[in-house]
Amino acid sequence: MTAEIIVVTSGKGGVGKTTTSASLATGLAIAGKKVAVIDFDVGLRNLDLIMGCERRVVYDFVNVVQGEATLKQALIKDKRHENLYVLAASQTRDKDALTQEGVEKVLDGLAAEGFDYIVCDSPAGIEKGAHLAMYFADHAMVVVNPEVSSVRDSDRILGLLASKTRRAERGDGAIKQHLLLTRYNPVRVAAGEMLSVKDVEEILGISVVGVIPESENVLAASNSGTPVILTPDSHAGQAYSDTVARVLGEERPLRFIDVPKKGFLQRVFGG
Amino acid sequence: MGILDFLKRKPEPTATVAKERLRIIVAQERSTRGAPDYLPLLRNELLEVIKKYVHVDLEAISINLERDSGHEILELSVALPDGKPVAKPAAG
């Protein structure tokens, strides 16, 4: 049994890794895949909140790594999709509780359970937790905001993905890199205040797998513990659906990257 | 442009500045990626030694680390100035 392992990473914090992990995992589950999503941010658990399962966490990732609980006990079944499971991070342990062998054991265990995809939600930074989240990955989704520090950090992460992963060490072929541009504001791009999709692609030398527009629906979704991909009337939700389809090999044009046409009233009053 | 937009002050378009700065720093960081941490220090100490004999700037020294299947090559090149050398060799 093999499972495709996707790490969602960025270097910089607060760019939308957990939001993306939740929507990616949910989107893959909607597509009929059996999916587990793992929070690697030991000590700062948050994926459970975004997935809306925070009150059902009994055992966590570290408990499984340390042999205090079985994988079955720790996997939290999503309320909305029966083939989607969440493995929460420990809130009490420190980040040294994870080891490479322990992580490998859990990933192998999930593959043996017949999971098609394992989504690893990386902590920010480039230290141990982030390293372990990316080490076993087959794909990487690098989340980047159109902002200088985020773009620089993501270049650093792209470098690490190319050298500090099992695939790189074994020469098994490169990790598939997917660049996801989030918090994109076409109006500000048109005004020359924000880096464009093309700018970010040129600087980093890879093309985007998706562009998620800045949207008030993202906050509303996290407030209610629903991955934003399940808000189908929101542009952010639709952009995530497109992104998941592209990860699965479908070709879809980018949407929501141009300034929306304004109606008459908006033209008169602005906004 | 709407009436209200007209009243709001527009911020300066700064995306081109951001792009140019990123282009430079990303290129620079990629060129030193994977190099050992001691490389900048090594470069400075080599400069001190060379300076005892010839006047050169930090920019005159370039250090490259190349990886060739299995082994690494440390390449050092020093551009010597045109005129006559020399600071006096340091008295020992």
Student: Assess whether atom NZ of K164(A) is packed by more than 12 heavy atoms of other residues, nucleotides or ligands within 6.0 Å.
Tutor: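 No.
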Student: Which atom pair, heavy atoms only, marks the closest approach of G205(A) to R30(B)?
Tutor: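 For G205(A) versus R30(B), the nearest heavy atoms are N-NH2, 4.4 Å.
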Student: Please check if atom CD in E216(A) has more than 12 non-hydrogen atoms from other residues, nucleotides or ligands closer than 6.0 Å.
Tutor: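 No, CD of E216(A) has 12 or fewer neighbouring heavy atoms, counting only those of other groups under 6.0 Å.
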Student: Tell me, out of I203(A), V189(A), D199(A), D155(A), who's got the most heavy-atom pairs with chain B below 4.5 Å.
Tutor: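 The option with the most such pairs is D155(A).
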Student: Who among V151(A), L158(A), L160(A), V200(A) has the most heavy-atom pairs with chain B under 4.5 Å?
Tutor: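 The option with the most such pairs is V151(A).
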Student: To the nearest 0.5 Å, tell me how far R23(B) CZ sits from E202(A) CD.
Tutor: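 The distance works out to 9.5 Å.
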Student: Which atom names give the shortest non-hydrogen contact between P13(B) and A191(A), and what distance separates them?
Tutor: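 Distance-wise, the nearest heavy atoms are CB-O, 3.6 Å.
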Student: Within a radius of less than 6.0 Å around CZ of R156(A), do more than 12 heavy atoms belonging to other residues, nucleotides or ligands occur?
Tutor: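 Count not over threshold, so no.
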Student: Does atom CZ of R152(A) have more than 12 heavy-atom neighbours, drawn from other residues, nucleotides or ligands, at distances under 6.0 Å?
Tutor: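 Check fails, neighbour count at 12 or below.
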Student: Is any side-chain heavy atom of L22(B) closer than 4.5 Å to one of L195(A)?
Tutor: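 Counting from C-beta outward, L195(A) and L22(B) do come under 4.5 Å.
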Student: Should we count CZ of R255(A) as having more than 12 external heavy atoms under 6.0 Å?
Tutor: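 Correct, the count exceeds 12.
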